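Down below is the structure, laid out as structure tokens.
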There are 2 protein chains.
Amino acid sequence: MDRFKIDDVAKATGLTKRTIRYYEEIGLIKPPARSEGGTRLYTAEDIERLKNIVAAREVLGFSLQELQHFLALKETMETHRAEYRHAAAGSEKRRELEQISAGLRRQIAMLEEKMKKMAMLKQELDQMAERVDALLQERREE
Amino acid sequence: MDRFKIDDVAKATGLTKRTIRYYEEIGLIKPPARSEGGTRLYTAEDIERLKNIVAAREVLGFSLQELQHFLALKETMETHRAEYRHAAAGSEKRRELEQISAGLRRQIAMLEEKMKKMAMLKQELDQMAERVDALLQERREE
DNA sequence: CAAAAATATAACGTTAACGTTAATGTTATA
DNA sequence: TATAACATTAACGTTAACGTTATATTTTTG
């Protein structure tokens, strides 16, 4: 039983059924297999991909378009790894690889930017919390 | 000349005039002073606040509602600091302070969650980049 | 002070990301 | 096997976050 129906997927990912169909509609996930009657049948990997999407969306505040870019990069890598190993230097494939590398570098730089700013924000919040708690403390001792 | 018209503010913050008016409309910023004829006149602080909003929105992917909460917290703190110091223990103000403290704790926890997940993502990206570059390297030596 | 440039309000338009409802067909279960 | 419980498509609805356009004032400038 390694085929899941849409409601199972919904429960596993926290998305609604509508959202899952919508993600398929805009090409964020590829159309899954179908039963004789037309019911969508998902695999465990499909669920993994969706979990990744949820995480990235929630955590990074990426738009679905940005997510599409990001996931494409990842998948291109994983799917074509073998293929890449045996292409001639200076070939089309090499240029592809260089594209991927550049894309990755951009994403990493962006992430670093965000992380830095988040750290600054956290510091600010920590300081505020400290001050508030100091006030609460001070008053307790009156 | 410490009063700015909306176009100056737009240029200073990178927002459009429409967006600035919209932020006022939904209460994200307070209505600025007006000229005799009704033209909005902003102060340097107004501009600062807007710059903060832009930063938070871009970096954190917060919705405007979340931003509202966050900025309110910050402002409440800064505006009422003096006032808080001299309220009786167990008073209304004390409960307010406790609310603020709790709110801060929530925001901090949320931030920590996000930072953790971002770190994991970055690690993944770094690994991918490493593999791609290894491939590029390998082929150079053929 | 008259023309040009900027501002104001009001209202309708747009896009992303789904929610909701309806009509119909498919699967699971007593 | 009937019937309840789910799935499918299609289409219209909704909310956030602005964009665009129109019409009327204000402000600036030659």
Side-chain angles (χ1 to χ4, degrees), chain A residues 1-44 46-47 49-72, chain B residues 1-44 46-47 49-72:
Chain A
M1 209 222 260
D2 59 337
R3 295 269 138 166
F4 306 90
K5 298 172 71 176
I6 199 165
D7 197 50
D8 306 328
V9 179
K11 273 161 191 160
T13 59
L15 299 171
T16 68
K17 296 185 264 184
R18 170 66 168 116
T19 300
I20 296 170
R21 294 198 194 96
Y22 175 69
Y23 283 180
E24 178 184 340
E25 192 182 321
I26 64 172
L28 197 54
I29 58 179
K30 41 180 192 181
R34 298 287 186 125
S35 78
E36 189 93 345
T39 299
R40 268 168 263 250
L41 299 175
Y42 297 89
T43 71
D46 290 335
I47 294 183
R49 166 127 179 164
L50 279 170
K51 281 187 181 170
N52 279 332
I53 290 176
V54 171
R57 192 196 56 177
E58 280 184 354
V59 174
L60 303 177
F62 279 177
S63 77
L64 295 182
Q65 277 213 14
E66 290 170 312
L67 277 182
Q68 208 138 348
H69 265 102
F70 175 66
L71 290 175
Chain B
M1 212 221 259
D2 60 337
R3 296 269 137 165
F4 306 89
K5 298 175 71 179
I6 199 165
D7 197 51
D8 306 329
V9 179
K11 272 161 191 161
T13 60
L15 298 170
T16 68
K17 294 184 265 185
R18 170 65 168 118
T19 299
I20 296 170
R21 293 198 195 96
Y22 175 69
Y23 283 179
E24 178 184 338
E25 192 182 321
I26 65 172
L28 197 54
I29 58 179
K30 39 180 193 181
R34 299 286 186 126
S35 79
E36 187 95 343
T39 299
R40 269 168 263 250
L41 299 176
Y42 296 89
T43 72
D46 291 335
I47 294 184
R49 166 126 180 165
L50 280 169
K51 281 187 181 171
N52 278 333
I53 290 175
V54 171
R57 193 195 55 177
E58 280 183 355
V59 174
L60 303 177
F62 280 177
S63 77
L64 295 183
Q65 277 213 14
E66 289 171 312
L67 277 182
Q68 205 138 348
H69 265 102
F70 175 66
L71 291 175

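On a predicted model such as this, the values are computed, not experimentally measured, just so you know.
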(request) Mind calculating the distance between CG (L41(A)) and P (dA7(D)) to the nearest angstrom? (result) 11 Å
(request) Quickly work out the L50(B) CG to dC18(D) P distance and round it to whole Å. (result) 12 Å
(message) Measuring from the side chain of K5(B) (C-beta onward, heavy atoms only), which nucleotide among dT27(D), dG19(C), dT20(D) has the closest atom?
(response) dT27(D)
(request) Specify the residues of residues 28-39 of chain A, ordered by number, for which at least one heavy atom lies under 4.0 angstrom from an atom of DNA chain D. (result) R34(A), G38(A), T39(A)
(message) How many whole angstroms separate atom CD1 of I6(B) from atom C1' of dA8(C)?
(response) 9 Å
(message) Once you apply a heavy-atom cut-off of 4.0 Å, does L64(A) come out as touching a base, just sugar-phosphate, or nothing?
(response) sugar-phosphate
(request) Take the protein atom CZ of R21(B) and the nucleotide atom P of dA6(C), then report the distance between them rounded to whole Å. (result) 13 Å
(message) Strictly below 4.0 Å: does R57(B) bring a side-chain N or O up to OP1 or OP2 of dC18(D)?
(response) yes
(request) To the nearest 0.5 angstrom, please state how far the CG atom of L41(A) sits from the CD1 atom of I6(A). (result) 10.5 Å
(request) For D46(B) and V9(B), run side-chain contact (heavy atoms from CB on, under 4.5 Å): C-alpha distance rounded to whole Å, both residues' side-chain angles, the deciding distance at 0.1 Å, then the answer. (result) CA-CA 9 Å; D46(B) 291 335; V9(B) 179; over 6 Å; no
(message) Let me confirm one number: the CD1-CD1 distance from I20(A) to I29(A), rounded to the nearest 0.5 Å.
(response) 7.0 Å
(message) Tell me whether the side-chain N/O atoms of K17(B) come closer than 4.0 Å to OP1 or OP2 in dT7(C).
(response) yes
(request) Calculate, to the nearest 0.5 Å, the distance between atoms CZ and CZ belonging to R40(A) and R3(A) respectively. (result) 14.5 Å
(message) Using the side-chain hydrogen bond (donor to acceptor under 3.5 Å, both in side chains) criterion, which residues pair with K51(B)? Sequence neighbours excluded.
(response) none
(message) As a test of understanding, state which of T16(B), L64(B), L15(B), L28(B) forms a side-chain contact (heavy atoms from CB on, under 4.5 Å) with Y22(B).
(response) L64(B)
(request) Please state how far atom CZ in F4(B) lies from atom C1' in dT27(D), giving the value in whole angstrom units. (result) 18 Å
(message) What is the distance, to the nearest angstrom, from the CZ atom on R40(A) to the P atom on dT27(C)?
(response) 13 Å
(request) Could you state the atom-to-atom distance from CG of D8(B) to C1' of dA6(C) in whole Å? (result) 11 Å
(message) Below the 4.0 Å mark, does dG19(D) have OP1 or OP2 next to a side-chain nitrogen or oxygen of Y22(B)?
(response) no
(message) Rounded to whole Å, how long is the line connecting atom CD of E25(A) with atom C1' of dC18(C)?
(response) 10 Å
(message) I need the K17(B) NZ to D8(B) CG distance, nearest 0.5 Å.
(response) 10.0 Å
(request) Determine: side-chain N/O of T19(A) to OP1/OP2 of dA17(C), distance under 4.0 Å, yes or no. (result) no
(request) Ignoring backbone atoms, establish whether Y23(A) has a side-chain N or O less than 4.0 Å from OP1 or OP2 of dA17(C). (result) no
